[in-house]
There are 2 protein chains.
Amino acid sequence: MRISKKTEYAVHSLLYITFFKDRTVLLDELAAQGISREYLAKVMRLLTKSGILKSSVGVNGGYVLARPADQITLEDIFNAVEGDAYYRCESKSRRCGLAGKCGLTEAFGAARKMFLSELRKCKMSDMMEKSVSDGSWLKNLNPVV
Amino acid sequence: MRISKKTEYAVHSLLYITFFKDRTVLLDELAAQGISREYLAKVMRLLTKSGILKSSVGVNGGYVLARPADQITLEDIFNAVEGDAYYRCESKSRRCGLAGKCGLTEAFGAARKMFLSELRKCKMSDMMEKSVSDGSWLKNLNPVV
DNA sequence: GAGAGGATACTCGGATAGATGCTGTCCGAGTAACTGGGG
DNA sequence: CCCCAGTTACTCGGACAGCATCTATCCGAGTATCCTCTC
């Protein structure tokens with residue numbers, strides 16, 4: 001449930017890839033945002049494994065989106081990157097007579113659902129639009145052919 | 001945003017205190033659930049500072065609820081215990097041209113609001129009822145006068 | 001001109017180390033109620 | 001009977017160690033394309 005830097009790295013890289021959607025993007029290009037290259041590689045692998053990206057190895061390899069940007073939500077990215085480990089009441093492993101009957105697991109489970117459903121509303125294509133209209137770097141980038 | 005053990009300790013202890021709402025409860029009683037006494041003391045202090053509990057030191061000291069159990073929500077407890085540190089996009093500190101314009105901070109902020117509003121629905125008194133009706137330890141406890 | 005083999009340019013993924021924050025421990029300080037003795 | 005000082009029973013809060021996880025680094029392995037050489 002923690003939001004780590006991995007998610008930030010993933011989203012920014014996906015924005016970049018979305019911008020150059022008609023060509024494969026290199027890891028080095030993405031790392032040029034100021035992200036550790038090797039660490040980013042691991043994040044990209046998570047996105048690839050979960051089917052958000054397609055990667056190809058070898059010469060002319062790199063990354064492309066596996067599906068259109070309006071079919072990728074922040075929830076997809078969050079799940080791919082942060083995993084689905086989550087809180088569970090551990091009272092049973094203590095001398096706690098509640099033995100998980102306190103309803104904590106359920107309450108936090110419901111809260112997580114709301115959290116995720118809010119992330120689901122946020123599509124990659126929306127973020128792309130917002131970033132471009134805010135006059136960000138993406139606007140000024142020249143495709144490095 | 002992480003849900004640590006502190007929250008679990010806090011909720012279970014508050015349940016105990018709620019059950020014996022007409023007397024002060026000792027730290028040792030609460031720690032008897034199988035929680036490190038000294039660590040729990042820190043959690044209790046967080047709850048006291050945020051106005052959920054009232055504590056008194058000295059002989060006959062201990063803890064009591066600062067307000068009725070139906071006016072204490074899981075959100076109150078969560079905020080008191082986990083604090084309000086939360087995700088902020090740090091792209092500015094990198095060579096990232098997005099400079100925080102990606103909307104990540106806003107998106108996760110909205111998601112957090114939904115998360116908290118769900119926790120707000122869960123009152124201490126509800127959890128108390130649930131725990132008792134599930135035949136838990138609370139039912140069998142004899143007030144240690 | 002075509003096929004084979006080597007060079008090149010990428011990603012994959014495991015091992016490892018440092019940083020950070022949670023968890024747990026220790027201990028002295030502070031405070032309020034009780035107790036007992038002296039006036 | 002009353003007051004005062006000492007004792008006792010608590011919480012407060014800082015310092016510190018252990019540990020898990022996140023972050024970052026290193027490096028060899030694997031793979032696809034391209035280039036060159038040979039026939």
Side-chain angles (χ1 to χ4, degrees), chain A residues 1-10 12-13 17 23-50 52-64 66 78 80-87 90-91 93-94 144-145, chain B residues 1-10 12-13 17 23-50 52-64 66 78 80-87 90-91 93-94 144-145:
Chain A
M1 195 59 180
R2 188 184 165 220
I3 305 166
S4 68
K5 283 194 179 182
K6 288 201 288 270
T7 296
E8 184 175 313
Y9 293 168
H12 288 188
S13 296
I17 296 171
R23 70 173 175 90
T24 59
V25 169
L26 300 182
L27 185 57
D28 281 322
E29 289 181 73
L30 299 171
Q33 302 171 56
I35 305 174
S36 145
R37 184 195 138 95
E38 299 301 325
Y39 188 57
L40 181 58
K42 289 191 199 316
V43 176
M44 300 308 280
R45 227 167 291 142
L46 292 173
L47 295 173
T48 303
K49 270 188 183 174
S50 70
I52 295 173
L53 283 180
K54 270 192 289 196
S55 71
S56 47
V57 301
V59 175
N60 294 334
Y63 303 97
V64 290
F78 184 81
V81 163
E82 306 288 351
D84 51 8
Y86 190 56
Y87 174 78
E90 298 287 351
S91 65
S93 62
R94 307 199 317 268
V144 187
V145 184
Chain B
M1 195 61 179
R2 189 185 164 217
I3 304 165
S4 67
K5 284 193 179 181
K6 287 200 290 267
T7 296
E8 184 174 313
Y9 293 167
H12 288 188
S13 297
I17 296 172
R23 70 172 176 91
T24 60
V25 171
L26 299 183
L27 184 57
D28 281 324
E29 289 181 72
L30 300 170
Q33 301 172 56
I35 305 174
S36 147
R37 184 195 140 96
E38 299 300 325
Y39 189 56
L40 181 59
K42 290 190 199 315
V43 177
M44 300 308 280
R45 229 166 292 143
L46 291 174
L47 295 173
T48 303
K49 270 188 185 176
S50 71
I52 294 172
L53 283 180
K54 271 191 289 194
S55 71
S56 46
V57 300
V59 175
N60 294 334
Y63 303 97
V64 291
F78 183 82
V81 163
E82 307 288 352
D84 51 8
Y86 190 55
Y87 174 78
E90 298 286 351
S91 66
S93 62
R94 307 198 317 267
V144 186
V145 183

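Naming: A, B, ... by sequence-line order, numbering from 1 per chain.
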*Asks:* Considering only D/dT11, C/dT11, D/dC26, which nucleotide approaches the side chain of B/S55 most closely?
*Replies:*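 Taking heavy atoms from C-beta onward, the closest nucleotide is D/dT11.
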*Asks:* Does B/S36 place a side-chain N or O at less than 4.0 Å from the phosphate oxygens OP1/OP2 of C/dT25?
*Replies:*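 The answer is yes; a side-chain N or O of B/S36 sits under 4.0 Å from OP1 or OP2.
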*Asks:* Report the distance from atom CG of A/L46 to atom P of C/dG13, rounded to the nearest whole Å.
*Replies:*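 A/L46 atom CG is separated from C/dG13 atom P by 11 Å.
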*Asks:* Could you check how far CD of B/E8 sits from C1' of C/dT23, rounded to whole Å?
*Replies:*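 In whole Å, C/dT23 C1' lies 13 Å from B/E8 CD.
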*Asks:* Between the side-chain atoms of B/K42 and the base atoms of D/dG14, is any donor-acceptor pair under 3.5 Å?
*Replies:*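 Such a pair exists between side chain and base.
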*Asks:* Can you tell me which nucleotide in D/dC12, C/dT8, C/dC22 comes closest to the side chain of B/K6?
*Replies:*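 Of D/dC12, C/dT8, C/dC22, C/dC22 is nearest to the side chain of B/K6.
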*Asks:* Please determine whether side chain to side chain contact (heavy atoms under 4.5 Å, CB included) holds for the pair A/M44 and A/I17, giving the CA-CA distance in whole Å, both sets of side-chain angles, and the decisive distance to 0.1 Å.
*Replies:* CA-CA 11 Å; A/M44 300 308 280; A/I17 296 171; 3.7 Å; yes
*Asks:* For A/Y9 and A/L30, run side chain to side chain contact (heavy atoms under 4.5 Å, CB included): C-alpha distance rounded to whole Å, both residues' side-chain angles, the deciding distance at 0.1 Å, then the answer.
*Replies:* CA-CA 9 Å; A/Y9 293 168; A/L30 299 171; over 6 Å; no
*Asks:* Would you call B/L40 and B/L27 a side-chain contact if the rule is heavy atoms closer than 4.5 Å?
*Replies:*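 The answer is yes, as the side chains (C-beta and beyond) meet within the 4.5 Å cut-off.
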*Asks:* Among D/dA32, D/dA24, D/dT8, find the nucleotide with the atom closest to the side chain of A/V57.
*Replies:*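 The nucleotide sitting nearest to the side chain is D/dA32.
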*Asks:* To the nearest angstrom, how far is A/K54 atom NZ from C/dC12 atom P?
*Replies:*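 Taking atom P of C/dC12 as the reference, NZ of A/K54 is at 14 Å.
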*Asks:* Touch check for A/R2, heavy atoms < 4.0 angstrom, all strands: base, sugar-phosphate only, or nothing?
*Replies:*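 Contact class for A/R2: sugar-phosphate only.
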*Asks:* Just how far, in rounded Å, is C1' of C/dC10 from CG of A/L30?
*Replies:*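 Atom-to-atom, A/L30 to C/dC10, this comes out as 13 Å.
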*Asks:* Taking the side chain of B/Y39 as its heavy atoms from C-beta onward, which of D/dT25, C/dG24, C/dC27 lies nearest to it?
*Replies:*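 Closest of the options to the side chain of B/Y39: C/dG24.
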*Asks:* Do any side-chain nitrogens or oxygens of A/S56 fall under 4.0 Å of OP1 or OP2 in C/dC10?
*Replies:*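 No, no such contact exists.
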*Asks:* Provide, to the nearest angstrom, the distance between the CZ atom belonging to A/R37 and the P atom belonging to C/dC12.
*Replies:*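 These atoms are roughly 11 Å apart.
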*Asks:* Please state how far atom CZ in B/R94 lies from atom C1' in D/dT23, giving the value in whole angstrom units.
*Replies:*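 After rounding, the reported distance stands at 13 Å.
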*Asks:* For DNA chain C, whose closest nucleotide is more 5', that of A/Y63 or that of B/I35?
*Replies:*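 Result of the comparison: A/Y63.
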*Asks:* What is the distance from CG of A/L27 to P of D/dA24, rounded to the nearest Å?
*Replies:*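 Rounded to whole Å, this separation is 14 Å.
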*Asks:* Would you tell me if any nitrogen or oxygen in the side chain of B/Y9 comes within less than 4.0 Å of OP1 or OP2 on C/dC22?
*Replies:*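 No, because none of the side-chain N or O atoms of B/Y9 sits under 4.0 Å from OP1 or OP2 of C/dC22.
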*Asks:* For the pair A/R37 and A/E29, find out whether any cationic side-chain nitrogen is under 4.0 Å from an anionic carboxylate oxygen.
*Replies:*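 Answer for the salt bridge query: no.
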*Asks:* Under 4.0 Å between a Lys/Arg side-chain N and an Asp/Glu carboxylate O for A/R94 and B/E8?
*Replies:*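 Looking at B/E8 together with A/R94, the answer is yes, because their closest N to O distance falls below 4.0 Å.
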*Asks:* Please pick, from C/dC26, D/dT11, C/dC10, the nucleotide with the shortest atom-to-atom distance to any side-chain atom of B/E38.
*Replies:*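 So the side chain of B/E38 is nearest to C/dC26.
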*Asks:* Between B/K49 and B/L26, which has a closest nucleotide on DNA chain D that is more 5'?
*Replies:*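 Looking at DNA chain D, the more 5' nearest nucleotide goes with B/L26.
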*Asks:* Calculate the interatomic distance between A/E90 atom CD and C/dT23 atom P; express it in whole Å.
*Replies:*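 In whole Å, C/dT23 P lies 11 Å from A/E90 CD.
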*Asks:* Are any of B/N60's side-chain N or O atoms less than 4.0 Å away from OP1 or OP2 of C/dA32?
*Replies:*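 B/N60 to C/dA32 OP1/OP2: no side-chain N or O under 4.0 Å.
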*Asks:* Closest approach to the side chain of A/K5, judged atom by atom: which nucleotide of D/dG30, D/dC10, D/dT23 is it?
*Replies:*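 Minimum distance to the A/K5 side chain belongs to D/dT23.
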*Asks:* Verify side chain to side chain contact (heavy atoms under 4.5 Å, CB included) between B/V64 and B/V25, making sure each step is shown before the conclusion.
*Replies:* CA-CA 7 Å; B/V64 291; B/V25 171; over 6 Å; no
